[in-house]
Student: 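I have a structure I would like to understand better, so I am pasting it below and will then ask my questions one at a time.
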Amino acid sequence: QVQLVESGGGLVQIGGSLRLSCAASGSIFSIDAMGWYRQAPGEQRELVALIRSGSTNYADSVKGRFTISRDNAKNTVYLQMNSLKPEDTAVYYCYLRSSYSTYWGQGTQVTVSS
């Protein structure tokens, strides 16, 4: 029913920037929240940023560096990542929560060179 397609990942140098995009499509009646999680090899998936109507939440490790935003007309959520660090290296997963269920994207790799 709902598909989340991420894009924008890649290889970037320390201190560089990337902008991730996630476009949601399908039968979406209502969106509670959209966000980004990440998972490094051997680690558990962790919340990076979440956006709801009028509010955002960020992991402490990315506060001041990452910004989540949303284009409601396109059902697209973005993650602007600045001042990237090697510890930001992970697969980033788009997340959507509706009143009915949750959905995950396939993930996009972000690699920050050391």
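The shown structure was predicted, so the numbers you read here are calculated from the model rather than taken from an experiment. Residue numbers count from 1 along this sequence.
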Student: Should Glu6 and Tyr92 be marked as a side chain to side chain contact (heavy atoms under 4.5 Å, CB included) after you check the CA-CA gap, both sets of side-chain angles, and the distance that decides it?
Tutor: CA-CA 8 Å; Glu6 303 104 329; Tyr92 284 70; over 6 Å; no
Student: Can you tell me if CD on Gln1 sees more than 12 non-hydrogen neighbours from other groups inside 6.0 Å?
Tutor: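 For Gln1, atom CD is not crowded (no more than 12 foreign heavy atoms under 6.0 Å).
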Student: Look up atom CZ in Arg19 and atom OG in Ser7, then write down how far apart they are to the nearest 0.5 Å.
Tutor: 9.0 Å
Student: Can you tell me how far apart CZ (Arg52) and CZ (Arg97) are? Round to the nearest 0.5 Å.
Tutor: 5.5 Å
Student: Which atoms form the tightest heavy-atom contact between Ala24 and Met34, and what is the distance?
Tutor: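 Closest heavy-atom pair between Ala24 and Met34: CB-CE, 4.3 Å.
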Student: Tell me whether Val112 shares a hydrophobic cluster with Val62, the cluster being built from Ile, Leu, Val, Met, Phe, Trp, Tyr side chains joined at under 4.5 Å.
Tutor: yes
Student: Rounded to the nearest 0.5 Å, how far does CG of Leu79 lie from SG of Cys94?
Tutor: 10.0 Å
Student: Using 0.5 Å steps for rounding, measure from the CG atom of Leu50 to the CD1 atom of Ile68.
Tutor: 6.5 Å
Student: Could you check whether any side-chain heavy atom of Phe66 comes within less than 4.5 Å of a side-chain heavy atom of Leu84, counting everything from C-beta outward?
Tutor: yes
Student: Considering non-hydrogen atoms only, spot the tightest contact between Leu4 and Cys22 and give its length.
Tutor: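 Shortest heavy-atom separation between Leu4 and Cys22 comes out as CB-SG, 3.8 Å.
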Student: Between Val2 and Tyr37, is there a shared hydrophobic cluster once you connect ILVMFWY residues whose side-chain heavy atoms come closer than 4.5 Å?
Tutor: no
Student: Where do Leu96 and Asn75 land on the side chain to side chain contact (heavy atoms under 4.5 Å, CB included) test, with the steps shown first?
Tutor: CA-CA 10 Å; Leu96 185 152; Asn75 282 334; over 6 Å; no
Student: Within a strict 4.5 Å, meaning less than it, do heavy atoms of the Leu11 and Gln109 side chains meet?
Tutor: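 SC-SC contact between Leu11 and Gln109 ruled out.
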Student: For side chain to side chain contact (heavy atoms under 4.5 Å, CB included), just list the numbers for Met81 and Arg65, CA-CA rounded to whole Å, side-chain angles, deciding distance to a tenth of an Å, and then say yes or no.
Tutor: CA-CA 6 Å; Met81 305 185 294; Arg65 300 189 297 120; over 6 Å; no
Student: One pair to check against side-chain hydrogen bond (donor to acceptor under 3.5 Å, both in side chains): Thr76 and Tyr78. What are the steps and the verdict?
Tutor: CA-CA 7 Å; Thr76 300; Tyr78 305 93; 4.6 Å; no
Student: Are Trp36 and Val91 connected, step by step, through hydrophobic side chains (Ile, Leu, Val, Met, Phe, Trp, Tyr) whose heavy atoms are closer than 4.5 Å?
Tutor: no
Student: State the CD-CD distance between Gln39 and Glu46, to the nearest 0.5 angstrom.
Tutor: 9.5 Å
Student: Heavy atoms only: give me the nearest Ser83-Ser17 pair and the separation to one decimal.
Tutor: N-OG, 4.3 Å
Student: Is there a path from Leu20 to Val5 through hydrophobic residues (I, L, V, M, F, W, Y) whose side chains come within less than 4.5 Å of each other?
Tutor: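 No, separate clusters.
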Student: Is it the case that more than 12 heavy atoms not belonging to Gln3 sit under 6.0 Å from its CD atom?
Tutor: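 No, the 6.0 Å shell around CD holds no more than 12 heavy atoms from other groups.
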Student: Can the ring centroids of Trp104 and Tyr95 be said to lie less than 6.0 angstrom from one another?
Tutor: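 Between Trp104 and Tyr95, the centre distance is under 6.0 Å.
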Student: Let me confirm one number: the OG1-CG distance from Thr111 to Asp88, rounded to the nearest 0.5 Å.
Tutor: 11.0 Å
Student: Is there side-chain contact between Ile14 and Pro86, with at least one heavy-atom pair below 4.5 Å?
Tutor: yes
Student: So, for Ala49 and Tyr58, which heavy atoms are closest and what is the spacing to 0.1 Å?
Tutor: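 Smallest interatomic distance, heavy atoms only, reads CB-CD2, 3.6 Å.
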Student: When clusters are formed by joining ILVMFWY residues with side-chain heavy atoms under 4.5 Å apart, either directly or through shared neighbours, do Tyr103 and Val48 land in the same one?
Tutor: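 Yes, same cluster.
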Student: Determine whether Arg70 and Ile31 make a side-chain contact, defined as any pair of heavy atoms from C-beta on separated by less than 4.5 Å.
Tutor: yes
